[in-house]
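Letters go in sequence order (proteins before strands), and every chain restarts at 1. These figures come from a predicted structure and were not determined experimentally. Basis for what follows: all heavy atoms, side chains included, without hydrogens, waters or symmetry-related copies.
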Number of protein chains: 2
Amino acid sequence: MIHSPTVKLSAKATADLGVVDGLVQLSFSIQAIVGSVTAHHDLSIIQTRLLGALRDRKLSMAQIARLISLDKSSTTGLVDRAEKRGYVERSIAPHDGRSVLVTLTTSGRRVVDRVATEVAREINAVIEDLSDVDRRRLSQLASRFVHLDAEARGIDLTAGQTTQRRN
Amino acid sequence: MIHSPTVKLSAKATADLGVVDGLVQLSFSIQAIVGSVTAHHDLSIIQTRLLGALRDRKLSMAQIARLISLDKSSTTGLVDRAEKRGYVERSIAPHDGRSVLVTLTTSGRRVVDRVATEVAREINAVIEDLSDVDRRRLSQLASRFVHLDAEARGIDLTAGQTTQRRN
DNA sequence: TATTGTTATACTCTATAACTATA
DNA sequence: TATAGTTATAGAGTATAACAATA
C-alpha cells in the first residue's frame with residue numbers, strides 16, 4: 001500500500017500490485033478522475049458528494065453529517081457554501097422545529113447530473129479495453145466490497161437514516 | 001455515480017451498483033478506511049501519501065508535486081508540515097543547486113510502515129469472506145485499472161520521474 | 001530564458017468548544 | 001436533559017501570483 005514504487009510496467013501483462021496496494025491505488029485513481037471532473041465545474045469532491053447525496057431525497061443537517069462522516073459544524077460550512085452558490089436550499093422541518101432540511105435546487109441538480117455523466121464517461125473510457133466479462137466482474141467485486149464494508153461498519157445504505165462506527 | 005440512493009441491500013446477494021457507481025463508492029470506502037487508520041496516527045491521507053512516496057527513494061519537490069498532482073506551492077506547505085513533525089528532511093541536490101531533495105527520517109519511516117500495516121489489516125478484514133478466486137480477480141482487476149489509467153494519463157509508474165496530463 | 005522552490009494571499013475544509021433553540 | 005444547528009476559532013490543505021536563485 002501507500003505507494004510502494006517497486007512497480008514495474010511491462011508493456012502488456014500488468015504486474016499485480018496485490019489486493020491491498022491495488023485497491024488503495026485504484027481508489028486514488030478514481031478520486032483523481034472524480035476530482036478532475038468536479039474541478040472543471042469548480043466543485044470539490046466533497047461538495048459533489050453533498051449534491052449527490054441530495055439527488056433523490058431531502059436530508060437534515062444531521063443526516064448529511066452522518067452520511068458523509070462529518071462533524072455537524074463542518075456540515076454547516078459545507079451547506080453554507082453550497083447554498084451561497086445556489087445549489088441547495090435550507091428549510092425548517094415540518095414536525096421538528098430544530099431540524100433543518102436541505103434540498104437540491106434546479107441549478108444544483110443540473111450541475112450534479114452533468115458531473116455524474118462526465119465521471120461515467122471518464123471511467124468508462126479507462127475500462128473500455130477490458131472484456132465484457134472483466135467489466136462485469138469488476139462491477140460485481142466493487143459492489144461486494146462496498147457492501148461488505150458497509151456491513152462491517154453497521155451502515156444501512158438503504159435509508160437516509162444512517163448509523164455508523166469507524167472513526 | 002455520486003451516491004444514487006436507489007440501492008437496495010438484500011441480505012445475501014449484493015445488488016450490483018454498476019461499474020461506475022461501484023468503483024466510485026469503492027474508492028470512497030477505501031479512502032474512509034485509509035483515512036481512519038491515518039487519523040489514528042494523527043496523519044492526513046495526503047501526508048501519508050507523501051511519506052509513502054518517499055518510502056523507497058528520495059524525491060525533489062518538483063517530483064513530489066508531479067507524483068501527487070499538487071502545485072509546487074502546495075508541496076512546499078505539505079513538506080513544511082511533515083518536516084516540522086520530524087518525518088522528512090530537506091537537502092540540496094548535489095548537482096543542481098535549485099533542486100531540493102526530500103527524504104524520510106527514521107521516525108517518518110516508522111510511522112508510514114505502521115500505517116501501511118494497519119491499512120492492510122483493515123482491508124484484508126473486509127475481504128476475508130471473499131473466495132480466493134474472487135480476491136485474486138479483484139487484485140488483478142484493480143491493478144489493470146490503475147495501469148490503464150496511468151497509461152491514459154501518460155504517467156510512468158516506474159520512475160520517480162513523472163509526466164502527466166489530467167487537470 | 002527556463003526551471004526550482006518559496007512566500008504572500010485567499011479560500012475551502014475540518015474539528016473542538018461554546019452557544020441557542022427546540023423537544 | 002438530550003438533540004439539532006450555528007458560531008467562533010484554529011489549523012491543514014490548496015491554488016494563483018509574484019518573487020529569488022540557479023541553470
Side-chain angles (χ1 to χ4, degrees), chain A residues 28 31-32 34-36 38-51 58-85 87-102 160-163 166-167, chain B residues 28 31-32 35-36 38-51 53 58-85 87-102 160-163 166-167:
Chain A
F28 284 132
Q31 293 283 309
V34 175
S36 79
T38 58
H40 282 150
H41 292 272
D42 203 28
L43 281 174
S44 65
I45 289 185
I46 188 70
Q47 281 288 338
T48 307
R49 251 184 119 179
L50 168 65
L51 303 187
K58 46 180 70 171
L59 292 174
S60 70
M61 298 297 289
Q63 287 176 323
I64 292 170
R66 276 191 298 258
L67 201 62
I68 315 192
S69 296
L70 281 183
D71 187 86
K72 49 185 181 163
S73 65
S74 308
T75 307
T76 295
L78 190 66
V79 171
D80 280 351
R81 292 184 292 273
E83 195 174 26
K84 199 173 300 176
R85 297 177 60 178
Y87 292 150
V88 304
E89 278 172 349
R90 274 186 245 235
S91 61
I92 299 205
H95 301 315
D96 188 339
R98 300 169 300 178
S99 206
V100 170
L101 295 181
V102 185
Q161 187 80 298
T162 323
T163 337
R166 182 147 50 227
N167 251 350
Chain B
F28 284 130
Q31 293 282 309
S36 79
T38 57
H40 282 148
H41 292 271
D42 202 28
L43 282 175
S44 65
I45 290 185
I46 188 68
Q47 280 288 338
T48 307
R49 251 185 120 178
L50 169 65
L51 303 188
K58 45 181 70 172
L59 292 173
S60 71
M61 299 296 290
Q63 288 175 322
I64 292 169
R66 276 190 297 258
L67 200 62
I68 315 191
S69 297
L70 281 183
D71 187 85
K72 49 186 181 163
S73 65
S74 307
T75 308
T76 296
L78 190 66
V79 171
D80 280 351
R81 292 184 291 275
E83 194 174 27
K84 199 173 300 177
R85 297 176 61 179
Y87 292 149
V88 304
E89 277 171 350
R90 274 187 244 236
S91 60
I92 300 205
H95 300 314
D96 187 339
R98 299 170 300 179
S99 207
V100 171
L101 295 180
V102 185
Q161 187 80 298
T162 324
T163 336
R166 183 146 48 230
N167 251 350

note = note: B:L43, atom CG; C:dT14, atom P; distance rounded to Å ~ 17 Å
ask   = Could you state the NE2-C1' distance from B:H95 to D:dA21, rounded to the nearest angstrom?
value = 19 Å
remark   = Between A:D71 and B:D71, the residue closer to the 5' end of DNA chain C by nearest nucleotide is B:D71
task = Give B:S44 one of three labels, base, sugar-phosphate or nothing, depending on what nucleic acid heavy atoms sit under 4.0 Å from its own.
result = sugar-phosphate
ask   = Looking across every strand, which nucleic acid part, if any, lies under 4.0 Å from B:S99 by heavy atom: base, sugar-phosphate, or nothing?
value = sugar-phosphate
message = Rounding to an integer number of Å, can you tell me how far A:L101 CG sits from D:dT6 P?
response = 11 Å
task = Specify the separation, in whole Å, of atom NZ of B:K84 and atom C1' of D:dG13.
result = 13 Å
task = Please report the closest heavy-atom contact between B:Q47 and B:L78, naming both atoms and the distance.
result = NE2-O, 3.2 Å
inquiry  = Looking at A:R98, I'd like to know whether one of its side-chain N or O atoms comes within less than 4.0 Å of OP1 or OP2 on D:dT6.
reply    = no
task = Round to a whole Å and report the spacing from CG of A:L70 to C1' of C:dT16.
result = 14 Å
ask   = Which of the following nucleotides, D:dT22, D:dT6, C:dT6, is nearest to the side chain of A:K72?
value = D:dT6
request  = Using only heavy-atom distances, decide whether a donor-acceptor pair under 3.5 angstrom links the side-chain of B:S73 to the base of D:dT16.
outcome  = yes
key: Touch class at under 4.0 angstrom, heavy-atom based, for B:S60 against every strand present   = sugar-phosphate
inquiry  = Whole angstroms only, please: what is the CD1-P distance between A:I45 and D:dG13?
reply    = 16 Å
request  = Tell me what B:T76 touches on the nucleic acid: a base, only sugar-phosphate, or nothing, going by heavy atoms under 4.0 Å.
outcome  = base
ask   = If you look at every heavy atom in A:K58 and A:L101, which pair is closest and at what distance?
value = CD-CD1, 3.9 Å
request  = List the atom of B:H41, the atom of B:R85, and the distance in Å for their closest heavy-atom pair.
outcome  = O-NH2, 4.0 Å
ask   = Mapping A:G97 and A:Q47 onto DNA chain C by nearest heavy atom, which one lands closer to the 5' end?
value = A:Q47
inquiry  = I want to check one thing: is the phosphate of C:dC13, taken as OP1 and OP2, less than 4.0 Å away from some side-chain N or O of A:R81?
reply    = yes
remark   = Separation of C:dT6 atom P from B:I64 atom CD1, nearest Å, is 10 Å
message = Applying a 4.0 Å non-hydrogen cut-off, can you work out what B:D80 is touching in the nucleic acid: base, sugar-phosphate, or nothing?
response = nothing
note = On a heavy-atom basis, the closest approach of B:V79 and B:R90 is CG1-CZ, 3.7 Å
query = Would you say the side-chain atoms of B:S69 pair up with the backbone N or O of B:A65, donor to acceptor, closer than 3.5 Å?
reply = no
query = Atom CD1 of B:I92 and atom C1' of D:dA20: how far apart are they, to the nearest Å?
reply = 13 Å
